[in-house]
Amino acid sequence: MRRWRMQLHPDDGKLATRYAVEALGQGMIGLDFGGDYGDMRRIQASTLKPSEQDFLALADEMQVGDLVLVIVHNRPFALATIATDCRYTSSPQEGFCVWFRHYRRVERKTLRFYFDHVVSVKDWELFTMTDAIAPLHDPNSKSYQLIESWRAE
C-alpha cells in the first residue's frame, strides 16, 4: 500500500474546496489534462507537457488500497482509500466526475476529513503542494506522518 498527496481542482484555486467536496461526495478522485489526449492509460508521457507528465501516475502507479491525502489550499482536507482501477469517460457530465475525465473511485465508508481529525482551525498545519499528484516515498515526511497518525485513530 502506497501513500499519495493530491489536489482535486482544475488549476482553479478559487473553487478548490468546491471541487474537492463534489468529487469526494461522489466517491471519486481524479484529474485531467489541459487538452484532450484520450484515455491516460494509452498516453505516452512524451506527448504531454512536462507539468502534466506526473498525472499518468493516477493510472500507471496508483493501486487499489493505496491511501491518498487530499490537499486543498495547502491544507490537508481528506484521507481516501483507492477502491478501483483508473477509469476514463470521454466527456464529463454535470453530476458525474465533476470536471475530470480520468478518475478512481474511493471507499466512501473509510473516507475521513481533516477537520474531524484536527478540530481546531488554529491547529491546522500548512502542507505546501506545487503539483497535482505525488507519491510519498519518505516515511519521515510531514504528509506521510499525517497519514500514519490518522490511520492509527
Side-chain angles (χ1 to χ4, degrees), residues 1-43 48-49 51-136 142-144 146-147 149-151 153:
M1 169 185 12
R2 295 181 72 184
R3 286 119 180 101
W4 299 81
R5 290 188 337 163
M6 190 170 176
Q7 299 181 74
L8 301 179
H9 59 86
D11 198 23
D12 186 352
K14 292 179 182 175
L15 296 175
T17 304
R18 175 183 171 178
Y19 286 117
V21 167
E22 288 178 354
L24 292 168
Q26 293 179 52
M28 300 181 208
I29 63 166
L31 46 74
D32 212 336
F33 302 97
D36 185 4
Y37 298 98
D39 189 337
M40 76 165 46
R41 294 170 293 186
R42 295 179 182 86
I43 300 171
L48 299 172
K49 299 175 194 172
S51 62
E52 294 178 334
Q53 290 178 357
D54 61 344
F55 291 11
L56 297 178
L58 182 78
D60 297 341
E61 298 175 40
M62 194 175 278
Q63 297 179 5
V64 172
D66 284 358
L67 300 171
V68 179
L69 176 61
V70 176
I71 303 289
V72 175
H73 296 303
N74 292 315
R75 304 267 188 224
F77 184 75
L79 181 63
T81 303
I82 300 301
T84 66
D85 288 335
C86 189
R87 297 179 180 172
Y88 170 74
T89 181
S90 59
S91 57
Q93 301 166 19
E94 186 68 31
F96 176 73
C97 291
V98 187
W99 60 273
F100 42 74
R101 291 174 282 211
H102 310 273
Y103 65 97
R104 285 177 175 265
R105 293 260 180 210
V106 296
E107 294 179 11
R108 292 176 111 164
K109 64 184 173 195
T110 61
L111 184 61
R112 299 178 183 185
F113 293 92
Y114 187 69
F115 41 82
D116 291 330
H117 176 67
V118 179
V119 178
S120 177
V121 175
K122 67 180 172 59
D123 295 330
W124 289 3
E125 292 187 68
L126 185 66
F127 284 66
T128 303
M129 188 161 180
T130 58
D131 49 2
I133 185 171
L136 300 173
K142 188 161 71 167
S143 295
Y144 198 107
L146 173 59
I147 291 171
S149 71
W150 214 337
R151 286 182 62 219
E153 289 184 347

Separation of [Y] [atom2] from [X] [atom1] (nearest 0.5 Å):
| X | Y | atom1 | atom2 | answer |
| --- | --- | --- | --- | --- |
| Glu125 | Arg75 | CD | CZ | 9.0 Å |
| Ile71 | Leu146 | CD1 | CG | 7.5 Å |
| Leu111 | Asp116 | CG | CG | 10.0 Å |
| Trp4 | Met62 | CH2 | CE | 5.0 Å |
| Leu67 | Arg2 | CG | CZ | 12.0 Å |
| Leu79 | Leu24 | CG | CG | 10.5 Å |

If you take all heavy atoms of [X] and [Y], which pair is closest and at what distance?
| X | Y | answer |
| --- | --- | --- |
| Arg5 | Ser143 | CD-OG, 2.8 Å |
| Pro76 | Leu69 | CB-CD1, 4.1 Å |
| Arg101 | Gly35 | NH2-O, 3.6 Å |
| Ile29 | Met6 | CD1-SD, 3.7 Å |
| Gly65 | Met1 | O-CG, 3.3 Å |
| Phe33 | Leu56 | CZ-CD2, 4.1 Å |

Checking [X] side chain against [Y] main chain: does a donor-acceptor pair fall under 3.5 Å?
| X | Y | value |
| --- | --- | --- |
| Thr84 | Arg105 | yes |
| Gln7 | Asp131 | yes |
| Lys142 | Leu126 | yes |
| Arg112 | Trp150 | yes |
| Asp85 | Val64 | no |

Problem - Sole candidate of Arg42, Arg41, Met40 that passes side-chain contact (heavy atoms from CB on, under 4.5 Å) when paired with Tyr88 - result: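 It is Arg41, the one option of Arg42, Arg41, Met40 that forms the side-chain contact (heavy atoms from CB on, under 4.5 Å) with Tyr88.
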Problem - Qualifying residue, where the test is ring pair (Phe, Tyr, Trp, His ring centres under 6.0 Å) with Phe77 and the options are Phe113, Tyr19, Tyr114, Phe127 - result: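 Only one option passes, and that is Phe113.
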Practice task
Apply the test side-chain contact (heavy atoms from CB on, under 4.5 Å) to residues Leu48 and Phe55: give CA-CA distance (whole Å), side-chain angles for both, the deciding distance (0.1 Å), then the verdict.
Solution key: CA-CA 10 Å; Leu48 299 172; Phe55 291 11; 5.8 Å; no
Practice task
Might you work through the side-chain contact (heavy atoms from CB on, under 4.5 Å) test for Val106 and Val68, ending with a clear yes or no?
Solution key: CA-CA 9 Å; Val106 296; Val68 179; over 6 Å; no
